[in-house]
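To keep things clear, I will list the structure first and then write my remarks on it.
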Amino acid sequence: MRPLVAIVGPTATGKSDAAVDLARRFDGEIVNADALQFYRGMDIGTAKLLEADRRGITHHLLDIMDISGEASVATFQQQAREAIAGIQERGRLPILVGGSGLYVRAVIDELEFPPTDRAIRRRLEAEASANGIAGMRRRLAVADPVAAARDLDERRLIRALEVHELTGRPFSSYMPRRDYRQPTLQLGLDIERELLHARVAQRVHTMHEAGLLAEVESLAARGLRETRTASRAIGYAQFLEVLEGTSTIEQATESTTVATRRFARRQLTWFRADPRVRWFDAADPDLSRMLAVTVQEFEASSGT
RNA sequence: GGCAGAUUUCCCGAGUGGCCAAAGGGGGCUGACUGUAAAUCAGCUAGCAUCGCUUUCAUUGGUUCGAAUCCAAUAUCUGCCA
């Protein structure tokens, strides 16, 4: 069975293209691990690869959801693992690509998501907004001192209480480990900060020229404003304001650029924390070859 | 040319004699993060060093025990009158 290759790193470093390159060289198929690229119709703003740029390579888990849907790591975990297994059965190389750290992790590591319950969640959220979270913090300190000691933010605090209530098991007992469930190679793409910022600005500019506003407008007609996840996507949230008339195109472009920079920084923080990632300079003209060599060596050594 | 006003740390912007390295916001940086993750949250942001010290609030020179804060001159900008 062939190993799993994952391409990670901040946005605008060329992960998608690098993945297509590798897929062509090693007879691979690509599995998307970018939470917002699941949504149909969110193309320009998510920098989804155009059909032509996919160069005949099969892409999985792209356009699998309506914007009204809510992406869920747990669901994605299962779908992605199935897709990967299928690719491997076909004797091809699975290449997981995405900048959503948790989503990548959910696929490659031994990770189990405790269940969720809408009613419990809603009740806890209502309680938090009505009484504040101090009391809930105290409750968690009793139910799950380990999790409480981590000083969780409100959202996670609620989740921890939900898990405890639902499973009787402390949330902290589901603590993550870095533990690949199959031979995996994580390739990280990074780039000098100044260059990254320039690329981000360029990209947002290009998105606008490619018709992002029109895309947002047509999604708005399909209820984008009412969605919980899709409406918050970078670029979409900002251009929705243009449609509302509360922001100009210039302002939206600027704030989208800023939000993207911050996003890239957070992605970097996430992936840097994983010592297993092998990093490459995305601006290196020789990148494509270096990635290929690394994959080749890895596949040879992982004994296929 | 005359009169009036402005000049603050990367940016915007508070501060009108000691509690000011200077509020707040933005930006930047760092980090956390197992069911919203392009989300959510936290910390740092003059310099050097452990309390502390050094250099900052246009520039120069004053007043004062003490100045971002008061005075004078200069520079630049803005408004009104020519």
Side-chain angles (χ1 to χ4, degrees), chain A residues 8 10-12 15 32-39 42 44-48 65 67-79 98-118 120-122 124-125 128 133 137 144 147 149-164 166-167 169-179 193-194 196-197 200-201 203-204 207 212 226-240 251 254-274:
Chain A
V8 302
T11 191
K15 295 189 293 296
N32 165 247
D34 192 315
L36 272 300
Q37 292 196 7
F38 299 156
Y39 294 103
M42 295 177 77
I44 297 170
T46 63
K48 208 178 277 171
M65 218 183 277
I67 52 167
S68 61
E70 274 178 36
S72 145
V73 208
T75 308
F76 168 73
Q77 177 182 55
Q78 192 195 340
Q79 292 174 317
S100 310
L102 177 60
Y103 280 61
V104 171
R105 186 103 185 268
V107 175
I108 66 179
D109 276 334
E110 214 57 76
L111 232 74
E112 170 200 5
F113 291 94
T116 185
D117 183 287
R118 258 200 133 75
I120 293 179
R121 179 74 68 90
R122 222 175 276 152
L124 290 168
E125 283 171 354
I133 58 167
R137 224 173 256 292
D144 184 354
R150 290 167 68 209
D151 202 21
L152 305 170
D153 60 55
E154 179 170 338
R155 205 183 267 190
R156 274 177 266 269
L157 176 68
I158 289 173
R159 171 66 178 151
L161 287 169
E162 177 196 15
V163 169
H164 180 256
L166 200 56
T167 67
R169 232 175 103 186
F171 185 52
S172 54
S173 71
Y174 294 91
M175 281 296 115
R177 290 165 297 153
R178 294 191 201 289
D179 189 6
R193 192 59 62 96
E194 213 173 309
L196 176 70
H197 288 181
V200 165
R203 180 146 110 161
V204 173
M207 283 177 179
L212 180 57
E226 287 72 47
T227 66
R228 197 186 196 187
T229 305
S231 65
R232 298 198 188 169
I234 295 175
Y236 296 84
Q238 290 78 3
F239 276 80
L240 267 177
Q251 289 169 332
E254 174 60 21
S255 57
T256 298
T257 304
V258 169
T260 306
R261 283 204 297 259
R262 298 166 69 112
F263 172 48
R265 211 185 305 140
R266 270 179 281 131
Q267 290 176 300
L268 223 28
T269 300
W270 178 285
F271 292 116
R272 275 196 296 225
D274 189 339

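Numbers restart at 1 for each chain; the letters A, B, ... are given by sequence-line order, proteins then strands.
Between the side chain of S173(A) and the backbone N or O of R169(A) there is no donor-acceptor pair closer than 3.5 Å. Judged by distance alone, the side chain of D109(A) and the main-chain N or O of D179(A) form a donor-acceptor pair under 3.5 Å.
Salt bridge present: R159(A) and E162(A) bring a charged side-chain N and a carboxylate O closer than 4.0 Å. A salt bridge links D151(A) with R137(A): the distance from a Lys NZ or Arg NE/NH1/NH2 to an Asp or Glu carboxylate oxygen falls below 4.0 Å.
A close approach under 4.0 Å does occur between a side-chain nitrogen or oxygen of R159(A) and OP1 or OP2 of G35(B). Proximity of R265(A) to the phosphate of C29(B): a side-chain N or O atom is located under 4.0 Å from OP1 or OP2. Here S100(A) does not reach the OP1 or OP2 of A37(B): none of its side-chain N or O atoms lies under 4.0 Å away. OP1 or OP2 of G27(B) sits under 4.0 Å from a side-chain N or O of R262(A). Within the structure, every side-chain polar atom (N or O) of R261(A) is placed at least 4.0 Å from both OP1 and OP2 of C29(B). Distances shown here put every side-chain N or O of R121(A) at or beyond 4.0 Å from the OP1 or OP2 atom of G35(B). In this structure, R266(A) does not reach the A38(B) phosphate: none of its side-chain N or O atoms is under 4.0 Å from OP1 or OP2.
We find that CD1 of I158(A) is positioned 19 Å from P of C33(B), with the value rounded to whole Å. One interatomic measurement links the two molecules: CZ of R228(A) to P of A38(B), which rounds to 15 Å at whole-angstrom precision. Nucleotide U36(B) holds its P atom 14 Å from the CG atom of L36(A), rounded to whole Å. In this structure, CZ of R272(A) is placed 13 Å from C1' of A32(B), rounded to the nearest angstrom. Rounded to an integer number of Å, the gap from F271(A) CZ to A37(B) C1' is 11 Å. The distance from atom CH2 of W270(A) to atom P of U40(B) is 16 Å, rounded to the nearest whole Å. Here U30(B) presents its C1' atom at 18 Å from CZ of F263(A), a figure rounded to the nearest Å. Rounded to an integer number of Å, the gap from Q267(A) CD to G31(B) C1' is 15 Å.
In this structure, L111(A) and D34(A) both approach RNA chain B, and ranking their closest nucleotides by distance from the 5' end singles out L111(A). Along RNA chain B, the nucleotide closest to G99(A) and the one closest to P114(A) are compared, and the more 5′ of them pairs with P114(A).
Here the separation of U59(B) from C11(B), taken at their P atoms, is 14 Å to the nearest Å. Between C51(B) and G66(B), the two C1' atoms lie 23 Å apart (nearest whole Å). Across A75(B) and C65(B), the matching P atoms stand 32 Å from one another, rounded to whole Å. Rounded to a whole angstrom, the distance from the C1' atom of G25(B) to that of G79(B) is 28 Å. Across C20(B) and A46(B), the matching C1' atoms stand 13 Å from one another, rounded to whole Å. When the P atom is used for both U60(B) and A14(B), the distance is 25 Å, rounded to whole Å. U8(B) and U69(B) have their C1' atoms separated by 11 Å, given to the nearest Å. Annotation: G61(B) and A67(B) have their P atoms spaced 14 Å apart (nearest Å).
When heavy atoms are screened at a 4.0 angstrom cut-off, F76(A) is found touching no nucleic acid atom at all. Within 4.0 Å (heavy atoms only), V163(A) reaches no atom of the nucleic acid at all. Among the atoms of the strands shown, none is found under 4.0 Å from any heavy atom of D151(A). Using a 4.0 Å heavy-atom cutoff across all strands shown, G45(A) reaches at least one base atom of the nucleic acid. In this structure, Y236(A) reaches neither bases nor backbone, as no heavy-atom distance under 4.0 Å exists between it and the strands shown. Among the atoms of the strands shown, base atoms are found under 4.0 Å from some heavy atom of E112(A). Looking at heavy-atom distances under 4.0 Å, T46(A) makes contact with a base. Residue R105(A) is classed as having no contact, given no heavy-atom separation below 4.0 Å to the nucleic acid. The residue A71(A) sits close only to the backbone: its heavy atoms come under 4.0 Å of sugar-phosphate atoms, none of a base. Using a 4.0 Å heavy-atom distance criterion, R118(A) is classed as making no nucleic acid contact.
The partner of A22(B), taking Watson-Crick or G-U wobble pairs whose two distances both stay under 3.5 Å, does not exist in any strand shown. Of all nucleotides present, only G62(B) satisfies the Watson-Crick or G-U wobble test against C70(B), with each distance under 3.5 Å. Across every strand in view, U36(B) sits unpaired, with no contact that passes the Watson-Crick or G-U test at under 3.5 angstrom. The nucleotide C3(B) finds its pairing partner in G79(B), both defining distances of the Watson-Crick or G-U wobble pair being shorter than 3.5 Å. As the counterpart of C51(B), no nucleotide is assigned, since no Watson-Crick or G-U wobble pattern has both distances under 3.5 Å. Nucleotide U9(B) forms a pair with no other nucleotide shown, judged by Watson-Crick or G-U wobble geometry with both contacts under 3.5 Å. Look at C44(B): its Watson-Crick or wobble partner, with both distances under 3.5 angstrom, is G28(B).
Taken to the nearest 0.5 Å, the CD atom of Q78(A) stands 12.0 Å off from the CZ atom of F113(A).
When distances run from any side-chain atom of R232(A) to the nucleotides U36(B), G27(B), C33(B), the shortest one goes to U36(B). For T269(A), taking side-chain heavy atoms from C-beta onward, the closest of the listed nucleotides G35(B), G28(B), A32(B) is A32(B). If you check U40(B), A38(B), G35(B) against the side chain of V73(A), the one that comes closest is G35(B). Of the candidate nucleotides A32(B), U36(B), U30(B), U30(B) has the atom nearest to the side chain of R193(A).
Nearest heavy-atom pair, A147(A) versus S172(A), reported as atom, atom and distance to 0.1 Å: N-CB, 3.8 Å. The two residues S68(A) and T227(A) make their nearest non-hydrogen contact at CA-CG2, 3.9 Å. Across every non-hydrogen atom of T11(A) and Q267(A), the tightest pair is N-OE1, 2.8 Å. Nearest approach of N32(A) to F76(A), heavy atoms of both residues: O-CE1, 3.3 Å.
Counting heavy atoms from C-beta on, the side chains of L36(A) and F38(A) never come closer than 4.5 Å.
In this model, a side-chain donor or acceptor of S72(A) finds a partner on the base of G35(B) within 3.5 Å. A donor N or O paired with an acceptor N or O is found under 3.5 Å between the base of A39(B) and the side-chain atoms of R155(A).
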